[in-house]
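First comes the structure, then the notes that go with it.
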Amino acid sequence: MTIERTLSIIKPDAVAKNVVGDIISRFEKGGLNVVALKMAHLSKDQAGGFYEVHKERPFYNDLVEFMTSGPVVIQVLEGEGAIAKNRELMGATNPADAAAGTIRADFAKTVDENAVHGSDAPETAKAEIAFFFSDDEVCPRTR
Ligand code: ADP
Ligand code: MG
């Protein structure tokens with residue numbers, strides 16, 4: 001495996017529940033390093049642009065509404081196989097199907113408000129990181 005970077009978003013439902021620290025702790029305990037981090041309240045244009053790939057899906061408008069309903073915490077995670085590792089820590093899209101001990105099983109209840117976003121492939125990770133962070137906002141670990 002290789003060292004990868006992936007984009008993670010702690011969604012408005014999880015921020016509202018005050019589980020930002022718990023979720024970041026899952027990433028750290030899972031061997032992923034936070035190399036960029038910010039809080040933001042997304043505009044409709046930002047959320048709509050980020051989820052452009054889902055534009056034709058029936059849940060798109062509700063997804064944009066949800067993602068702009070409160071602030072989010074956006075981070076770049078780095079580590080061995082970080083993209084798959086993050087998806088594994090997150091659990092399935094629908095919390096009802098998420099394996100025990102995953103973030104979505106523990107912190108989410110419904111498929112639409114499911115606590116976290118994670119990139120699903122190297123190309124999407126690269127594009128999603130660039131969507132939210134400039135190169136100089138990503139801080140490679142030096143120790
Ligand atoms: P994932 O976030 O696991 O990569 P998708 O990329 O398929 O899942 O979907 C993006 C987001 O859209 C999901 O995380 C969820 O918030 C929302 N979503 C997906 N499927 C549904 C659905 N059937 N009904 C409502 N919202 C959904
Ligand atoms: Mg996805």
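Index from 1, following the sequence. Numbering of ligands and ligand atoms starts at 1, following listing order.
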Q) Can you name the closest pair of heavy atoms from Arg87 and Asp120 and give their distance? A) NH1-CB, 4.2 Å
Q: Consider ligand 1: state whether an atom of it lies below 4.0 angstrom from any non-hydrogen atom of Met90.
A: no
Q | ligand 1 versus Lys11: contacting region, heavy-atom distance under 4.0 Å | A | side chain
Q.
Once rounded to the nearest 0.5 Å, what's the spacing between atom CD1 of Ile103 and atom CE of Met90?
A. 7.5 Å
Q. Using heavy atoms and a threshold below 4.0 Å, how should the contact between Arg87 and ligand 1 be classified: side chain, backbone, both, or neither?
A. side chain
Q) Identify the closest protein heavy atom to atom 2 (O) of ligand 1: which residue and atom is it, and at what distance? A) Arg104 NH2, 3.0 Å
Q: Specify the protein heavy atom at minimum distance from atom 7 (O) of ligand 1: its residue, its atom name, and the distance to 0.1 Å.
A: His54 CE1, 4.0 Å
Q: Could you tell me how the ring of Phe50 sits relative to the ring of Phe132: parallel (under 30°), tilted (30 to 60°) or perpendicular (over 60°)?
A: tilted
(Q) I'd like to know whether ligand 1 has Asp120 as a neighbour, heavy-atom separation below 4.0 Å. (A) no
(Q) Using a 3.5 Å cut-off on N or O atoms only, is Thr93 in polar contact with ligand 1? (A) yes
Q) Any sub-3.5 Å donor-acceptor pair from Lys55's side-chain atoms to Tyr60's backbone N or O? A) no
Q. Honestly curious: do Val35 and Phe133 fall in one hydrophobic cluster under the side-chain, below-4.5 Å linking rule?
A. yes
Q: Indicate, as side chain, backbone, both or neither, the part of Asp112 found under 4.0 angstrom from ligand 1 when only non-hydrogen atoms are considered.
A: both
Q. Is there a donor-acceptor contact under 3.5 Å linking the side chains of Asp45 and Ser43?
A. no
**Q.** Identity and distance of the protein heavy atom lying nearest atom 15 (C) of ligand 1
**A.** Val111 O, 3.2 Å
Q) Would you call Arg26 and Asp106 a salt bridge, taking side-chain N to carboxylate O under 4.0 Å as the test? A) yes
Q. Which one holds for Asn114 and ligand 1: side chain close, backbone close, both close, or neither close, with close meaning a heavy atom under 4.0 Å?
A. side chain
Q. If you take all heavy atoms of Lys85 and Glu80, which pair is closest and at what distance?
A. CB-O, 4.4 Å
Q | Protein contact to atom 23 (N) of ligand 1 [nearest heavy atom, distance to 0.1 Å] | A | Phe59 CD2, 4.0 Å
